[in-house]
Every structure is written in structure tokens, then in C-alpha cells.
Amino acid sequence: MENIAPQTTLIDLEYLGYPKVIASCLLEGEGRFALVDPGPASAVVTLRRKLDQIGLGVKGLDTIFLTHIHLDHAGVTGTLVKENPRIRVYVHERGAPHLIDPTKLLGSAQRLYGDKMERLWGEFLAVPAENVSALVGGERLSLGGRQIDVVYTPGHASHHVSYIDQATGMAFTGDTAGIRIANGKTILPLTPPPDIDLEILEKSWELIQERQPERLFLTHFGPADGVKQHFAELRDRMEEWSITVEDSLKNGQGDDVQRAARFEEQVTTSLKRSLPDREIKCYVKGGAVELSWYGLARYWRKRHRS
Ligand SMILES: [Zn+2]
């Protein structure tokens, strides 16, 4: 547990035993408590232990703010609500139906992760409809007296929102602003299937910057300073990745599995120039680099068909 601002605590979910891969954030406003993206069900033991350590427990939670419903961000939500039916869950209206009935979501995750699904993500329980509040963007929510603005930021996922906390000036950007471990220099995009759309994503980056946040909070991993520089770097890297993936489709050899593996290898090699091995693991695991190839490949194939 690390205090990153007044009444704002980073919780390292120690995903599969690895530190600095998935972060949740605990917010307090006048004795009311919220988690931003509580994480995957496979990390529930760590989450529960850390909430117990500060004497709050799952029972002490009032609210969950979801940036989107991907398993690494939202997977444990149903488990927490089952234990504490008082919890109110905020999610974009396009994500809400899949939280209430996760059949489709789990089907598409199953296709991506196969028999590793259970070990990686644990059990995704449905969230009762009466606990879910659907967002469209533009809302101002309140946690005690603490005001949290909702910005619709699609591109990584069509149902992605970001939360701007008025108390700290922090923007909780989920996966929209990429991955950057512990405020380091390296910033990578997060572009897994099936929703990735680069033009839409760029617009979302603009929308976040228009709100002039002082800092970002990334699920992978933690607070990020120098917002303008962050997005400039992210844009450069995205352009590079986008070109690399498009090229691999045009003249790359082998099938998609080989192309994706080669892409991960290329990214890992370039990370090795500036990062120690244990940090590279955080980027490759948290960033799911191989999946990002598939996301961008899907985007380019769709573009070339139309
Ligand atoms: Zn994520």
C-alpha cells in the first residue's frame, strides 16, 4: 500500500506473484471508500489481505469505478459485490450488459487465453443489475464530497471511460494512456483485440489532455508525471508499432502466431537497451505485447478491407 496523494492509495495486486504489473487505487472521500479498477479475480487474495491490513476490508467498500471491463481491470467485481452487496459499480453503458451477463466477454477471453484462462484470471462472477450504474461520459460523480468527473475515452475498448479526480488532479486512465511502470521513462501502447481503433484512441488522448490533469494513474502501473511528454512519447511509440505491424502483414513471413511472437521479440529486444530484466517482465506481462500485435493486425485488416 502506498499513499500517492491525500486519501489516495495505490494497491499493488502482485499479479501472479509479480509486483508492478496491475495496480488498483483506493480513494477516500469523507469516510466513503472506492476502488478504481479492482483487478482480476485471480488477485482477490492479495486485494482482500491489503484491504484487511488497513482495517477496511471488502465490507468497507462503497463504490467501484471501472475504466473498462477487461478481466485484468474488472474481473473481481462480481466477487466483491457478492461479499458486499452495498457496493455501487460505475461502468460505461456499453460495458454494463457484459458485466451483468459476462457470457460473451468470457467467450472472447477464452478464445484469446484458452486453457490458461482460469490460472490467469480466476472466476469472473456476474454483477447483479441493481448494483450497476451505467455511464455515458460527462457525469460528475461524488464519493463523499470528493468529485470525480467521467470522460468517455474509447479506442483501447469501445466502452472505456477515464475518471478525473478533482481533489488530486489525477486522471485515472485505465489502459487508454498505455503502460508505464512506476513513472519510468519507457511508455508503450496497449492495443489488444478486438476494439482497437487508432483514430478514436488519439481523440481520447486529446480529451484527457484537455482536462489538464496534473498526473495520470495507469493500471499498468501507478502514477505517471509529465502528462504532455507522456502522450508525446506514447504517440511516437504507437506510430512505430502501427507501421511495424502493418509491414508484418504486407511482407512478413509465416502465420499470425509467428508474426506476433516476432513482434514481441522485437519489442523485448528494444526494451533491453534501456531496462533491467525484471522491469521488462512488467512491461511484457502487463502490456501483453503479443496481444497488441493481434489488436493492431485486426485494425489494419479491417481498414484495408473497407
Ligand atoms: Zn489492462
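When a ligand or atom number is given, it counts from 1 through the structure's own listing order. All residue numbers refer to positions in the sequence shown, counting from 1. On a predicted model such as this, the values are computed, not experimentally measured, just so you know.
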Handout entry: Residues clustered with Val151, ILVMFWY side-chain links under 4.5 angstrom
Key =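 Its cluster partners, ordered by chain and number, are Ile164, Leu207.
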
Exercise for the section: With the Zn ion (ligand 1) as the centre, enumerate protein N/O/S atoms below 2.8 Å in chain and residue order. Expected result: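 Short answer, with waters excluded from the count: Asp72 OD2, His73 NE2, Asp175 OD2, His220 NE2.
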
Handout entry: Value rounded to 0.5 Å, distance of OG1 in Thr173 from CG in Leu216
Key =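 If we round to the nearest 0.5 Å, Thr173:OG1 and Leu216:CG are 5.0 Å apart.
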
Practice task
Please collect all ring-ring contact (aromatic ring centres under 6.0 Å, His included) contacts where either partner lies in residues 111-134, sequence neighbours excluded, each pair once.
Solution key: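 ring-ring contact (aromatic ring centres under 6.0 Å, His included) check on residues 111-134 returns Tyr15-Trp121, Tyr113-Trp121.
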
Exercise for the section: Compute the centroid of each ring, for His98 and then for His68, and state whether the two points are separated by less than 6.0 Å. Expected result: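 No, the ring centres sit 6.0 Å or more apart.
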
Exercise for the section: Would you please name every residue forming a ring pair (Phe, Tyr, Trp, His ring centres under 6.0 Å) with His92, sequence neighbours left out? Expected result: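 Listed in chain order: Tyr152.
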
Problem - Donor-acceptor pair between Thr244 and Trp293 side chains, under 3.5 angstrom - result: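 Absent: no donor and acceptor within the cut-off.
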
